[in-house]
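This report refers to the structure that appears directly beneath it.
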Amino acid sequence: MRIRDQKGARGAVVHVSIGRRRALAWALLPAAQLLVPGAWAQAARIASARVWPAQEYTRVILESPAPLAWEVLTLSDPDRVVLDLDGADVGPEIAGLAQRVQASDPHLAGIRYGRKTPTVLRVVFDLKGGVVAQAFALKPVAEFGHRLVVDLIPSTPPDPLMALLDADRAKPGAPPSDARPAEGAAAKRDVARRVTIAIDPGHGGEDPGAIGPKGTYEKHVALAISRRLKQVLDAGSGVRAVLTRDDDYFVPLATRVHKARRAQADLLVSIHADAFREPRARGSSVFALSENGATSAAARWLAQKENAADLIGGVNLDVRDPVLARTLLDLSQTAQINDSLKAGRHVLAGLAEVNALHKRDVEQAGFAVLKAPDVPSILVETAFISNPDEERKLRDPRQQARYAESIADGVLRYFSRNPPLARG
Ligand SMILES: [Zn+2]
């Protein structure tokens, strides 16, 4: 049996370090000794519960008006995760939690609950396989109250990069037909390798992104356009596209960057839809990273809004990758930014064929998702979801295809003029 330790959200309960012996001892203690006086006087209410299933991990969220006191244990034979909530009521959200589990959930088989002690509510997550549970609390942000997050991460995670390489082996490679080197200096360049494009659908899961007047979520249109863009790019010879998410779940911004780097992407294209309080604002725009301030106040404001995805989507700060963080801080990104600006201009020219442009040139700001030091990265605000006319277009599959094709045109034109170098 393996038991993973988790620290509780707040110090209301005496379970800072829990091993097996401690957990057993805890079970034998009278319940009253476990709780700080007053902590249980008012039962914790679960106001809302959500389950976000995905191949990468399944996330369960319990939202409450006050912080919850909790404990998480991972158990095997059979595989299950146990969540103990101190001083929590059953309530309709807990009672209805089992119905929120989908049969197609890759990791979660079901949810049960019961009283462990008169004051401790035990929620049991029955699993389909070996899972590492990561639990953490999020302070209120945007319209969310206190959230307790339980991430069920497969102990042997699926490797999208391996899947990509397998797919490549099945499909013999060929140089891009429009990316053959010209005579002269460019002829020295070796383009006899695939161009890899990382497509990054913005937002997902708890983070809807911007919401249109008709209730359209940015995360849904970003995914639809991204999937279409992948189809269009994959159809061209010598190009392969990989999505940083292919479902409705949250991916931290640093993880998106990490995925693009692991796939050795030649370009990252993050797909979004813009919003502004003024409903007449419209048009497409493209952004690159800036190292020293934004090119406009609007660009700075937008970058802050997009960077808030981690707070809203819910990132576990305890497991932030220190190696990645250092890489992103240390390197000068001048070359990356220059390439990004070039690619961005081609994509902007592509978009101009199907939509008005919000800004005529590529703008720059400190977008966290564009910070891969070695992957040129652009962020596309396809259209304004806050504009009723553009919201309608963003929802329309035919129009989504037109956006995707115009972005693909720009990307391919960029690579035809700037063929990628052979890898060392
Ligand atoms: Zn966005």
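Quick caveat, the model's predicted, so the values are computed rather than measured. Ligands are counted one by one from 1 in listed order, and the atoms in each one are counted from 1 as well.
Ring geometry, F384 versus H358: the interplanar angle falls from 30° to 60°, so the pair is classed tilted. The aromatic rings of Y57 and Y249 sit perpendicular to each other, their planes meeting at more than 60°, with 30° as the lower class boundary.
D274 lies apart from the Zn ion (ligand 1) in this respect, since none of its N, O or S atoms is found at a distance under 2.8 Å. Residue E381: no N/O/S atom is found under 2.8 Å from the Zn ion (ligand 1).
When the options V411, D339, I199, V347 are evaluated for a side-chain contact (heavy atoms from CB on, under 4.5 Å) with L267, the one that passes is V411. Here the options are E381, K305, E218, the test is side chain to side chain donor-acceptor pair (under 3.5 Å), and the partner is H272; only E218 passes.
Atom ND1 is the N, O or S atom of H272 at the shortest distance from the Zn ion (ligand 1).
An angle of 100° is found at the Zn ion (ligand 1) between H203 atom NE2 and E218 atom OE2, rounded to 10°.
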